[in-house]
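A short write-up of the structure that comes next.
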Amino acid sequence: MLTDKEIAEIEEHIKHYPRKQAAVIEALKVVQAHRGYVSDESVKDIADFLEMTPDEVDSVATFYNLIFRKPVGKHVILLCDSVSCWIMGYENVRDHLKKKLNIDLGQTTQDGEFTLLTIPCLGACDRAPAMMVDNDLHGNLTAEKIDEILEKYK
Ligand code: FES
């Protein structure tokens, strides 16, 4: 069930659209902000609230890669795997992250601190290879720089 606070926040977004269904991405973001991810049950609750089908809401959630449909760690690392980052050393960065965190892509560390995901171009090609940790963009990544960055999130 959506909480009163979630409903109030979603309604605030709905005011900016001619139809409440247009606020579906905002509704997903609201739920994710409160719960960390959007469960199947939350998809259904959002669908009921916006008078949509769960499939319609799910297709938006799946398409929009910043909506997490499974539980994630306290911090989410989004590693760019598009062309500029590939050219500039994506594989080394990916392998270092996997080794350092002892997880594979798509997984969460045992302590629940970090989830490692890939994402298409972050729009920071001039600073490739790049990644986001939560809302922070980090570029020109090297193994040493990654170690320093991750320390800040512990
Ligand atoms: S290709 Fe990685 S930021 Fe654009």
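For ligands, and for the atoms within them, numbers begin at 1 and follow the listed sequence. Please read all numbers here as calculations on a predicted model, not as lab measurements.
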Atoms in ligand 1 with a heavy atom of [X] nearer than 4.0 Å:
{"X": "A124", "result": "3 (S)"}
{"X": "L122", "result": "3 (S)"}
{"X": "C121", "result": "1 (S), 3 (S), 4 (Fe)"}

* Asked: Backbone or side chain, does C85 get an N/O/S atom under 2.8 Å to atom 4 (Fe) of ligand 1?
  ->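 So C85 does not bind atom 4 (Fe) of ligand 1 by this criterion.
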
* Would one find an N, O or S atom of C80, in either backbone or side chain, under 2.8 Å from atom 4 (Fe) of ligand 1? ->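 C80 does not place any N, O or S atom closer than 2.8 Å to atom 4 (Fe) of ligand 1.
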
* Shared hydrophobic cluster for F114 and Y37 (ILVMFWY, side-chain gaps under 4.5 Å) ->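 No, F114 does not connect to Y37 through the hydrophobic network.
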
* Asked: Looking at R69 and D58, does any basic side-chain N land under 4.0 Å from a carboxylate oxygen?
  ->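 Salt bridge: yes.
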
Whether [X] side chain and [Y] backbone form a donor-acceptor pair below 3.5 Å:
{"X": "S59", "Y": "E56", "answer": "yes"}
{"X": "T115", "Y": "V76", "answer": "no"}
{"X": "K74", "Y": "K154", "answer": "no"}

* **contact_flag A128 ligand 1 heavy-atom lt 4.0 Å** =>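 Checking ligand 1 against A128, which is what was asked, there is no heavy-atom contact under 4.0 Å.
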
